[in-house]
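Everything on this sheet refers to the single structure shown next.
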Amino acid sequence: MDDVAPSPSCDPLGFVWEYALHWREPNLDPQPLALGHRSFGELVHALIGGVLRNGAPRNVDEIEIALADEANRLSDAWPIARAVPPGLLWRHTMSLARERASRGLRDALGKPRGTSWTELAFGEATDGAHPWTTPMPVPIGTTGVAFRGRIDRLDEDGSKGSAIITDYKAGAAPERKKTVVFDRGTELQRVFYALAAGSLLPDVRNIESRLTYLRHEPARTLNLVHDELVTAIEQAVSFTAAGVELQRSGQIAPGPQPEFFDSISVALPSDLEAYRRIKQRPFAQVNSQLSRLWSSP
């Protein structure tokens with residue numbers, strides 16, 4: 001997963017360019033010196049997923065043995081299909097990814113969680129085993145929008161009627177005193193994952209949705225449960241309705257200035273600072289329904 005790229009939920013114009021017009025930034029580097037943030041996150045997820053496909057480890061020794069096997073497999077498999085750094089740098093990258101994957105797996109040790117699923121697709125037909133009651137996309141309230149996706153990790157305990165959703169992040173946790181819910185629109189995934197789990201697992205009564213940040217030692221996990229999670233889902237549905245209205249109206253404007261470089265900015269006027277200053281008022285008017293999301297903790 002990409003830890004720094006702007007989220008489509010933070011940029012209505014970027015959403016149209018990426019998902020309606022399918023604009024993509026070309027990859028012109030046949031052998032990078034380092035994996036990008038998105039690719040590195042995908043490598044960490046691949047390590048965790050490879051371990052969990054054989055069952056959740058019960059202790060640290062099992063984690064390290066399984067990770068060593070999966071790291072050896074991916075060290076050979078990834079360079080066949082993807083651009084990776086030269087040999088020495090690739091081995092260093094794999095070592096870093098393995099450390100972060102280990103933190104995520106160790107964070108889940110403790111009380112039994114039932115059945116563990118990894119890279120679990122929902123909202124679409126699949127040949128693999130899954131716990132869902134239907135392969136249909138999940139409706140978002142009454143917005144007319146339905147969605148599908150892939151959950152990093154789902155631990156379901158049918159006997160207790162509980163489910164734990166974990167969204168792994170290869171980067172660092174936000175340094176805030178307030179509870180992180182949407183993180184200014186960049187962390188909507190786990191809330192929608194909880195909405196999907198509640199819709200597709202009718203026997204589950206208690207859902208916990210977690211963000212686990214792997215840059216820390218030990219990993220740092222931020223939970224949403226009970227009333228906080230219910231409120232977050234209601235707000236996410238409301239924000240989706242606002243986004244739908246924007247798209248249907250045709251009034252599409254850029255979102256807030258991204259903290260990091262945004263590849264789609266090359267399609268905007270070259271003097272971005274002056275452009276945003278001149279257009280500040282009309283942009284704010286168009287995006288007013290989403291401004292609360294972009295300022296949310």
Side-chain angles (χ1 to χ4, degrees), residues 1-2 5-25 38 120-125 132-152 165 167 180-202 207 209 211 224 227-259 262-265 267-268 275-276 279-297:
M1 280 191 179
D2 192 343
S7 166
S9 61
C10 299
D11 192 346
L13 183 60
F15 178 88
V16 172
W17 286 349
E18 183 170 351
Y19 293 97
L21 301 180
H22 301 289
W23 288 5
R24 296 291 187 273
E25 180 183 14
R38 183 185 298 274
L120 180 61
F122 64 88
E124 59 187 33
W132 312 127
T133 55
T134 174
M136 299 301 293
V138 178
I140 304 177
T142 58
T143 63
V145 175
F147 71 108
R148 59 180 180 266
R150 189 176 298 270
I151 297 174
D152 292 348
I165 296 163
D167 191 13
V180 174
V181 180
F182 298 120
D183 194 17
R184 300 190 296 270
T186 64
E187 298 299 353
L188 281 164
Q189 276 182 302
R190 64 164 170 171
V191 177
F192 281 118
Y193 291 163
L195 172 61
S199 175
L200 299 175
L201 299 172
I207 297 176
S209 198
L211 286 173
L224 275 181
D227 291 345
E228 278 187 334
L229 181 56
V230 171
T231 299
I233 291 174
E234 292 173 350
Q235 291 175 335
V237 172
S238 176
F239 291 137
T240 301
V244 168
E245 181 61 30
L246 275 180
Q247 299 292 314
R248 287 175 174 166
S249 72
Q251 299 184 61
I252 313 297
Q257 178 72 39
E259 185 176 353
D262 180 1
S263 58
I264 67 172
S265 64
L268 294 172
Y275 173 68
R276 285 184 173 276
K279 298 287 189 177
Q280 181 178 7
R281 180 171 295 178
F283 284 175
Q285 290 174 343
V286 168
N287 291 329
S288 60
Q289 296 181 77
L290 292 175
S291 59
R292 191 159 59 91
L293 170 62
W294 297 334
S295 61
S296 62

Review point. What about Phe283 and Tyr275, are their ring centers closer than 6.0 Å?
Key: yes

Revision key, fill the gap. Rounded to the nearest 0.5 angstrom, the CD1-CZ distance for Ile165 and Phe192 is 13.0 Å

Check your understanding: If you look at every heavy atom in Pro254 and Asn287, which pair is closest and at what distance?
Key -> O-ND2, 2.9 Å

Review point. Rounded to the nearest 0.5 Å, how far does CD of Gln289 lie from CD of Glu245?
Key: 6.5 Å

Point to revise | Spacing of CG belonging to Asp167 relative to CG belonging to Leu211, to within rounding of 0.5 Å | key: 5.5 Å

**Study point:** Among Leu201, Leu229, Leu195, side chain to side chain contact (heavy atoms under 4.5 Å, CB included) partner for Ile207
**Key:** Leu229

Review point. Any donor-acceptor pair under 3.5 Å linking the side chain of Trp132 with the backbone of Gly123?
Key: no

Practice item. Report yes or no: does Ser249 contribute a side-chain atom to a donor-acceptor pair with the main-chain N or O of Leu246 at less than 3.5 Å? Key: yes

Study note, to complete from the structure: So CG of Leu188 and CZ of Phe239: to nearest 0.5 Å the spacing works out to 8.0 Å

Exercise for review: Please report the C-alpha distance between Val181 and Thr231 in whole Å, then the side-chain angles of each, then the deciding distance to 0.1 Å, and finally whether the side chain to side chain contact (heavy atoms under 4.5 Å, CB included) criterion is met.
Suggested key: CA-CA 10 Å; Val181 180; Thr231 299; over 6 Å; no

Exercise for review: Check whether any side-chain N or O of Ser288 sits under 3.5 Å from a backbone N or O of Gln285 as a donor-acceptor pair, and report yes or no.
Suggested key: yes

Practice item. Please name the pair of heavy atoms, one in Pro139 and one in Pro137, separated by the smallest distance, quoted to 0.1 Å. Key: CD-O, 3.6 Å

Check your understanding: Looking only at heavy atoms, which two atoms of Ala242 and Leu290 are closest? And how far apart?
Key -> CB-CD2, 4.0 Å

Revision key, fill the gap. CG of Asp11 to CD of Glu18, rounded to nearest 0.5 Å, is 9.5 Å

Revision key, fill the gap. Closest heavy-atom pair, Ser209 versus Val191, reported as atoms and distance to 0.1 Å, is OG-N, 4.4 Å

Revision key, fill the gap. Closest heavy-atom pair, Glu124 versus Ala121, reported as atoms and distance to 0.1 Å, is OE2-CB, 3.8 Å

Review point. What are the two closest non-hydrogen atoms of Val180 and Asp183, and how far apart are they?
Key: CG1-CB, 3.9 Å

**Study point:** Main-chain N/O of Arg150 paired with Tyr193 side-chain donor or acceptor, under 3.5 Å
**Key:** yes

Check your understanding: So how far is it from Gln235 CD to Phe182 CZ, rounded to the nearest 0.5 Å?
Key -> 5.0 Å

